[in-house]
Chemist: 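The structure follows.
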Amino acid sequence: MDVKKIEKKWQTIWEKDKIANFNPKNSDKKYYCLEMFSYPSGSKLHLGHWYNYGPTDSFVRYKKMKGFEVFQPMGFDAFGLPAENYAIKTGIHPKDSTLQNIANMEQTLREMGAMFDWNSEIITCNEDYYKWTQWLFLKLYEKGLAYRKEAPVNWCPDCKTVLANEQVVNGECERCGATVIKKDLTQWFFKITEYAEELLQGLDGLDWPEKTKLMQKNWIGKSTGGEITFTAESGDKFKVFTTRADTLFGVSYVVLAPEHPLVAKLTSPEQKKAVDAYVFETSKTKEIDRLSTAKEKTGVYIGHDAINPINGKKVPIFAADYVLYSYGTGAVMGVPSHDERDFAFAKKYGLPIQRVIKGSSPDVNDELPFVNDGVLVNSPGFDGLTSEEARKLIINKLVSLGCGEHKTNYRLRDWLVSRQRYWGAPIPMIHCDKCGTVPVPYSDLPVKLPYDVEFKPDGKSPLAKHEGFMNVKCPVCGAPARRDPDTLDTFVCSSWYFLRYPDSKNSKEPFNTEIINKMLPVDKYVGGAEHACMHLLYSRFVTKALRDMGYLNFDEPFKSLIHQGTILGPDGFKMSKSKGNVVAPDPYVNEYGSDVLRLYLMFGFSYVEGGPWSEDGIKAIVKFLDRIERLANKIVALDKNKKEQIGKDEKDLLYAVNYAIKNVDRDMENFSFNTAVARLMELLNNLTKYDGLEVKNTSVYKDSFSKLILLLAPFAPHFSEEIWEMLGNKYSIFNKPYPVCDESALVRDEVEVAVQINSKMKTKIVIANGLNEEQIKEILFADEKIGKELEGKQIKKLIIVPKRLINVIV
RNA sequence: GCCGAAGUGGUGAAAUUGGCAGACGCGCUGGACUCAAAAUCCAGUGGUAGCGAUACCGUGCGGGUUCAAGUCCCGCCUUCGGCACCA
């Protein structure tokens with residue numbers, strides 16, 4: 001078979017026939033299958049794209065044959081840092097390189113032979129898309145879900161530029177090697193925390209991998225406790241969050257994050273030098289390192305004390321980097337007796353350690369630091385209470401004193417969406433001296449990203465230097481004003497793209513509510529596990545926010561989710577240009593065709609695991625398809641029916657056919673493609689066996705073979721379409737219904753079961769279905785081997801697992 | 001460090017969720033066809049011992065629960081994903 005020719009042939013026919021296009025008339029049978037769209041980082045598809053899109057397309061074709069009206073769109077997440085870096089290096093404009101890459105990738109995606117509905121294509125860097133990304137920003141702003149506050153960024157003092165975490169290598173700027181520091185900038189945030197509780201609760205109802213739900217749950221990080229107000233000697237008040245209010249009497253110090261404004265305010269003149277130095281050191285430290293429990297905790301006394309509201313005791317205030325200003329209140333209380341970290345800190349700085357909890361029973365080892373719940377001691381008014389009771393009562397007491405409240409805290413932070421970069425959607429806001437921060441009127445959208453900018457980093461972001469872009473009239477008062485020079489995080493673009501696909505040409509609104517309420521949620525979302533916490537959480541947030549504004553009526557964007565694994569380099573490491581272990585799909589496509597590569601990816605790996613690339617076995621796929629083709633040729637040339645009846649051979653064949661149908665069907669639903677292909681190979685083996693018979697029931701044989709081709713069609717679409725035609729059938733195999741399992745063909749009168757004696761495998765016997773215990777016993781004693789073993793022994797227990805195993809305990 | 005996974009023959013991987021470990025392939029060995037090779041077909045293939053029936057061992061390591069553990073529990077080791085400005 002001339003693979004190249006038939007691929008071309010069927011791709012042309014499919015395209016002409018618009019087989020991949022969604023027909024809105026059938027939207028009651030819709031199946032929206034979405035693969036995470038790609039970043040156009042290079043001009044060619046890499047194996048990862050193939051692995052994501054190939055098998056999923058097979059799944060989609062399977063769904064189509066199952067009678068669904070399938071919607072499988074494709075697009076490009078086209079804004080982002082790499083294109084801008086590339087521009088700085090080469091001088092090629094991000095727009096030019098990105099659009100070129102997209103054109104090339106579209107071409108190779110088409111050659112893959114997947115059923116993408118190109119009518120609905122989205123490119124996020126095009127005006128007709130980012131106009132609506134900006135619309136989304138304005139809507140969130142209107143709803144009070146977008147706001148500005150100061151936040152630290154990575155700052156290279158030499159390049160005078162903001163760096164992405166990726167651009168900071170070992171605390172140094174990747175370009176010039178200068179030590180990177182943290183610097184505060186006013187930034188835009190989305191208030192995702194307002195939805196923390198719903199984002200947490202909503203996880204329960206989702207058909208997602210458990211591990212992904214767990215990761216999101218931990219990311220949201222709900223903890224219940226209280227906020228307690230401490231008063232500094234100066235009179236300044238600050239709050240600490242704690243889940244262990246029961247240990248409040250054991251506080252021997254409090255800690256403020258070094259960035260906390262009170263640190264600068266309260267530090268005594270004697271301590272100023274030490275504190276300033278500490279704060280500066282902290283600005284160079286990465287957050288991950290600050291939070292590391294292995295790193296020795298450091299801190300510095302600021303020369304000022306605070307009052308514990310429960311007992312009026314004076315405790316020293318420290319600045320320490322293990323407290324993050326962005327989490328909780330940016331301040332914690334230190335209870336060395338009942339927290340490991342505080343214990344180590346107190347030892348180091350010679351702070352008092354007083355027990356306030358003891359083990360609830362004498363046999364509990366409650367050596368300090370004792371971090372479990374217990375019974376209160378040394379806590380006047382609360383002694384003898386359990387930790388659980390005390391947490392409630394102590395906070396109640398503080399509430400009555402006006403210096404505490406019950407509080408639920410989330411680790412989840414608000415989403416920082418502004419970027420000091422060029423290649424992104426401009427933030428549609430205007431800063432006016434008189435009117436303050438003013439949104440761009442909807443009628444003025446899109447705020448167009450200018451083409452003619454200077455990329456070279458020189459202390460100002462490219463848009464801030466572009467006077468034509470920056471200068472604008474205030475929409476409120478008409479006075480000269482300045483545009484916001486920042487662009488949106490590309491995660492904003494990808495947080496709503498699935499809403500645009502079903503109505504991608506709409507020029508009046510981002511999407512039509514009626515349409516997307518019909519088309520969503522996405523029935524199956526397929527993409528990498530690396531998005532577990534961020535992209536998937538942001539999309540859920542945006543969906544819920546738009547729901548609350550009345551733009552849609554569903555709560556969750558992705559009903560069901562699958563993560564494909566990663567194909568690693570042959571050396572077992574992640575493919576990367578620098579490691580030189582990148583495997584390109586093109587040579588395989590050229591040599592064997594796209595069906596073979598797709599089928600190999602589906603057969604050779606466990607879909608959710610992935611693994612190191614190896615081409616051993618790709619020839620096996622070629623062989624598999626060749627065997628089918630040879631058999632097809634034989635079948636086409638078959639004589640008339642020589643045999644009418646259904647004998648044992650036919651029964652066996654029909655069993656094999658229906659066994660395959662049943663299992664392939666189930667495996668497809670579970671994205672268990674490798675086992676599905678294995679079942680197809682088994683069926684082929686059975687057909688080959690039948691083919692070897694002298695006398696064949698031709699109609700049973702032909703029919704069985706047709707079923708194999710129907711089952712194979714989603715896996716090898718071009719090949720199967722061609723064989724289907726060879727067999728004299730009408731185009732297209734994908735408009736044929738998927739084979740249905742005939743359960744009656746699977747009923748067998750006898751089953752083989754394993755026999756164990758005292759849990760040791762002894763033998764296998766074939767017995768009739770549905771025997772009772774006595775009948776089985778009889779058979780066991782009658783069996784030559786087992787009977788001998790059981791002779792003279794007493795059966796204590798007989799364990800029967802139907803159709804599987806018999807275990808005799810003697 | 002924290003959060004989340006994974007570890008099974010020479011090799012890619014299966015195992016109906018506690019019930020015959022290794023389905024289906026690759027590779028290898030032997031055979032058929034051939035002057036020969038390729039291709040194709042047939043048979044075998046976890047390890048050790050044995051001519052053999054068979055016996056013992058075997059799912060990263062060490063314990064445990066159970067009639068029964070790759071699967072559940074406890075403790076380790078190794079590798080991978082994420083950690084909020086890569087997407």
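Quick note on labels: first sequence line is chain A, next is B, and so on, each numbered from 1. All figures in this text were calculated on a predicted structure; none of them were measured in a lab. Computation of the quantities below employed the complete heavy-atom set of this structure, encompassing side-chain atoms and omitting hydrogens, waters and symmetry-equivalent molecules.
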Chemist: Measuring from the side chain of Ala678(A) (C-beta onward, heavy atoms only), which nucleotide among A23(B), C20(B), A68(B) has the closest atom?
Modeler: A23(B)
Chemist: Tell me, please, which residues at least two apart from Ser759(A) pass side chain to side chain donor-acceptor pair (under 3.5 Å).
Modeler: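 Asn807(A).
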Chemist: What base-paired stems does RNA chain B take part in, with at least 3 consecutive Watson-Crick or G-U wobble pairs and both distances under 3.5 Å?
Modeler: B:1-7 with B:77-83, B:10-12 with B:24-26, B:27-32 with B:40-45, B:46-49 with B:54-57, B:60-64 with B:72-76
Chemist: Tell me which nucleotide among C24(B), A14(B), G19(B) gets nearest to the side chain of Met681(A).
Modeler: C24(B)
Chemist: Distance-only criterion, 3.5 Å: show the donor-acceptor pairs between side-chain atoms of residues 623-630 of chain A and protein atoms not counting sequence neighbours.
Modeler:
| unit_1 | atom_1 | unit_2 | atom_2 | d |
| --- | --- | --- | --- | --- |
| Arg627(A) | NH1 | Asn685(A) | OD1 | 3.2 |
| Arg627(A) | NH2 | Asn685(A) | OD1 | 3.0 |
| Arg627(A) | NH2 | Thr688(A) | OG1 | 3.2 |

Chemist: Return the set of residues passing ring-ring contact (aromatic ring centres under 6.0 Å, His included) with Tyr327(A) (not counting sequence neighbours), or none when no residue passes.
Modeler: none
Chemist: Counting any heavy atom closer than 4.0 Å, what does Asn685(A) reach on the DNA or RNA strands: base, sugar-phosphate only, or nothing?
Modeler: sugar-phosphate
Chemist: Contact class for Gly692(A) (heavy atom, under 4.0 Å): base, sugar-phosphate, or nothing?
Modeler: nothing
Chemist: Under 6.0 Å between ring centres: does that hold for Trp613(A) and Tyr600(A)?
Modeler: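 Yes, they do, as the ring centres are separated by less than 6.0 Å.
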Chemist: Show me, pair by pair, the donor-acceptor contacts under 3.5 angstrom made by side chains of residues 667-682 of chain A, not counting sequence neighbours?
Modeler:
| unit_1 | atom_1 | unit_2 | atom_2 | d |
| --- | --- | --- | --- | --- |
| Asp667(A) | OD2 | Thr675(A) | OG1 | 2.9 |
| Asp667(A) | OD2 | Ala676(A) | N | 3.4 |
| Glu669(A) | OE1 | Lys63(A) | NZ | 3.4 |
| Glu669(A) | OE2 | Tyr62(A) | OH | 3.0 |
| Glu669(A) | OE2 | Lys63(A) | NZ | 3.0 |
| Asn670(A) | ND2 | Arg666(A) | O | 3.3 |
| Ser672(A) | OG | Thr675(A) | OG1 | 2.6 |
| Thr675(A) | OG1 | Ser672(A) | O | 3.0 |
| Arg679(A) | NE | Glu682(A) | OE1 | 2.8 |
| Arg679(A) | NH2 | Glu682(A) | OE2 | 3.2 |

Chemist: Who pairs with Lys191(A) by salt bridge (Lys or Arg N to Asp or Glu O under 4.0 Å), at least two apart in sequence or on another chain?
Modeler: none
Chemist: Measure from the side chain of Lys764(A), starting at C-beta and using heavy atoms only, and say which of C20(B), A13(B), C86(B) lies closest.
Modeler: C20(B)
Chemist: With hydrogens left out and only the distance checked, is there a donor-acceptor pair under 3.5 Å joining Lys797(A)'s side chain and the base of C67(B)?
Modeler: no
Chemist: Between protein and nucleotides 37-48 of chain B, map the contacts as a letter string: B base, S sugar-phosphate only, - none, heavy atoms under 4.0 Å, written 5' to 3'.
Modeler: ---SS-------
Chemist: If you look at every strand shown and take non-hydrogen atoms under 4.0 Å, does Ala620(A) touch a base, only sugar-phosphate, or nothing?
Modeler: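 The residue Ala620(A) makes sugar-phosphate contact but no base contact.
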Chemist: Is it the case that the side chains of Gln420(A) and Asp486(A) hold a donor-acceptor pair, with the cut-off being a distance below 3.5 Å and no angle test?
Modeler: yes
Chemist: Could you tell me which residues satisfy side chain to side chain donor-acceptor pair (under 3.5 Å) with Ser283(A), sequence neighbours excluded, listed by chain and number?
Modeler: none
Chemist: Check ring-ring contact (aromatic ring centres under 6.0 Å, His included) between Trp423(A) and all other residues, then give those that pass, not counting sequence neighbours.
Modeler: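 Expected list: Phe79(A).
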Chemist: Decide whether Asp652(A) and Tyr690(A) meet the rule of one side-chain donor and one side-chain acceptor closer than 3.5 Å.
Modeler: no
Chemist: Looking only at the side chain of Ser759(A) (C-beta and beyond, no hydrogens), which of the listed nucleotides G4(B), C20(B), C67(B) gets closest?
Modeler: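 Closest nucleotide among those given: C67(B).
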Chemist: Kindly point out which of C20(B), C24(B), C67(B) is positioned nearest to the side chain of Asn807(A)?
Modeler: C67(B)
Chemist: Taking salt bridge (Lys or Arg N to Asp or Glu O under 4.0 Å) as the test, write out the residues that go with Asp77(A), two or more places apart.
Modeler: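 Listed in chain order: nothing, the list is empty.
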Chemist: Would you measure the distance from the C1' atom in G10(B) across to the matching atom in G4(B) and give it in whole Å?
Modeler: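 Here G10(B) and G4(B) have their C1' atoms 32 Å from each other.
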Chemist: Base of G81(B) relative to its sugar, syn (within 90° of 0) or anti?
Modeler: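 Base orientation relative to the sugar is anti.
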Chemist: For the side chain of Ile809(A), starting at C-beta, report the closest nucleotide among C67(B), G12(B), G4(B).
Modeler: C67(B)
Chemist: At under 4.0 Å between heavy atoms, how does the protein contact nucleotides 78-85 of chain B? Give one character per nucleotide, 5' to 3', with B, S or -.
Modeler: --SBSBBB
Chemist: Test of understanding: with ring-ring contact (aromatic ring centres under 6.0 Å, His included), list the residues that count as partners of Tyr39(A), not counting sequence neighbours.
Modeler: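 In terms of ring-ring contact (aromatic ring centres under 6.0 Å, His included), with neighbours along the sequence ignored, Tyr39(A) is linked to no residue.
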Chemist: Could you say whether Tyr607(A) or Lys803(A) is positioned toward the 5' end of RNA chain B, judged by the nucleotide with the nearest heavy atom to each?
Modeler: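 Nearer the 5' end of the strand: Tyr607(A).
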